[in-house]
Amino acid sequence: THQWRGIIEEYRDRLPVSDSTPVVTLREGGTPLVPAQVLSERTGCEVHLKVEGANPTGSFKDRGMTMAITRAKEEGAQAVICASTGNTSASAAAYAVRAGMVCAVLVPQGKIALGKMGQALVHGAKILQVDGNFDDCLTLARGLSDNYPVALVNSVNPVRIEGQKTAAFEIVDMLGDAPDIHVLPVGNAGNITAYWKGYTEYAADGVATRTPRMWGFQASGSAPIVRGEVVKDPSTIATAIRIGNPASWQYALAARDESGGAIDEVTDREILRAYRLLAAQEGVFVEPASAASVAGLLKAAEQGKVDPGQRIVCTVTGNGLKDPDWAVAGAPQPVTVPVDAAAAAERLGLA
Ligand code: F0G
């Protein structure tokens, strides 16, 4: 009876639903806000991680998807479609199962992590690998939803943003007020848009006394907002944010400017360093794209841009199990031992 009910029931009065809306949920949200000891020491700040990999399908997309599929169901849709770098498709596929809908997904060929592909497959989605990048997939998905009986559930659908803004509510509810700075990775720029909407709504209603500065980080090879121009052939090991023409670009700029924040870039090397630090020193296993937020915070701290004593929240957007290749790559192979305590103890350095 005390289970978290999912974001629609928990924040019903702040979301576009009515009493008769058929809620489609996997009880998403209510994710851990974890104090980050090592990051706090490094920055001289009070750093927390919002661990969105703890959502039902392993990423923050579930917050938006419960809203998108619920509203599609309410409107009588029988099929949904999305373009995705992997997490949106995994989430859409799972929620479509709950709603009894057909789910079609368009993914960039060869550029989505195996775990995410496995999710879409096992949930029974119809998958097309597109000979192009995410931006091409989104163009195709928009065209199909305009001309065929299929509802678009990408974050260009405004109810996705409504669902995702609840993460900001949870942070304020937990901390008692908004943090000084909120840091997150930026790909298609829906999430930074959603957090900013959540924070500003809470501040407008007096639930929070202020809004945080919004800091977004793109991967260097896929940093159109930082460069101020579309990136034709985006590249990065963080495939989730391998995006050259973000749909919510203008909203991301608004979040940055209205909050007094910044959007900067981090290299793949910096992303991997943060990825390993999170796992090895904070005990939090995320996927590479998620580590862009922490990489960005560390970069800003090294540049002297982080005044000590601030309260900072970093969103880590997806679970490390989605893309375990990077955990295994470069790590030493485990040694094999016989069923022998003395041999095992020796190998473990206990003897
Ligand atoms: N982190 C992860 C793990 C993601 O999957 C995404 C986006 C982002 C960050 C960036 O969020 O697009 O709102 O700026 N993934 C989308 C997808 C594009 O298809 O799963 P954003």
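In each ligand, atom 1 is the first atom listed, and ligand 1 is the first ligand listed.
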Tell me which pairs pass salt bridge (charged side-chain N to carboxylate O under 4.0 Å, His left out) where either residue lies in residues 225-238, with sequence neighbours left out. R227-E265
Just to verify, what does Y275 make a ring-ring contact (aromatic ring centres under 6.0 Å, His included) with, not counting sequence neighbours? none
So, E52 and N55: side-chain donor and acceptor under 3.5 Å apart, yes or no? yes
For ligand 1, find each of its N or O atoms that sits under 3.5 Å from a protein N or O atom, and tabulate the pairs with distances to one decimal place.
{"unit_1": "ligand 1", "atom_1": "1 (N)", "unit_2": "T317", "atom_2": "OG1", "d": "2.6"}
{"unit_1": "ligand 1", "atom_1": "5 (O)", "unit_2": "N87", "atom_2": "ND2", "d": "2.8"}
{"unit_1": "ligand 1", "atom_1": "12 (O)", "unit_2": "N188", "atom_2": "N", "d": "2.7"}
{"unit_1": "ligand 1", "atom_1": "13 (O)", "unit_2": "G190", "atom_2": "N", "d": "3.1"}
{"unit_1": "ligand 1", "atom_1": "13 (O)", "unit_2": "N191", "atom_2": "N", "d": "2.8"}
{"unit_1": "ligand 1", "atom_1": "14 (O)", "unit_2": "G187", "atom_2": "N", "d": "2.8"}
{"unit_1": "ligand 1", "atom_1": "14 (O)", "unit_2": "N188", "atom_2": "N", "d": "3.3"}
{"unit_1": "ligand 1", "atom_1": "14 (O)", "unit_2": "A189", "atom_2": "N", "d": "2.7"}
{"unit_1": "ligand 1", "atom_1": "15 (N)", "unit_2": "K61", "atom_2": "NZ", "d": "2.9"}
{"unit_1": "ligand 1", "atom_1": "19 (O)", "unit_2": "S84", "atom_2": "OG", "d": "2.8"}
{"unit_1": "ligand 1", "atom_1": "19 (O)", "unit_2": "T85", "atom_2": "N", "d": "2.8"}
{"unit_1": "ligand 1", "atom_1": "19 (O)", "unit_2": "T85", "atom_2": "OG1", "d": "3.3"}
{"unit_1": "ligand 1", "atom_1": "19 (O)", "unit_2": "T88", "atom_2": "OG1", "d": "3.2"}
{"unit_1": "ligand 1", "atom_1": "20 (O)", "unit_2": "S84", "atom_2": "OG", "d": "3.4"}
{"unit_1": "ligand 1", "atom_1": "20 (O)", "unit_2": "N87", "atom_2": "N", "d": "3.1"}
{"unit_1": "ligand 1", "atom_1": "20 (O)", "unit_2": "T88", "atom_2": "N", "d": "2.8"}
{"unit_1": "ligand 1", "atom_1": "20 (O)", "unit_2": "T88", "atom_2": "OG1", "d": "3.1"}

Given the options Y11, F169, Y195, Y202 meets ring pair (Phe, Tyr, Trp, His ring centres under 6.0 Å) only with F169
Quick one: closest heavy-atom pair of M67 and V159, and the distance? CB-O, 3.4 Å
Contacts of S18 that satisfy side chain to side chain contact (heavy atoms under 4.5 Å, CB included) - sequence neighbours left out: S20, T21, E74
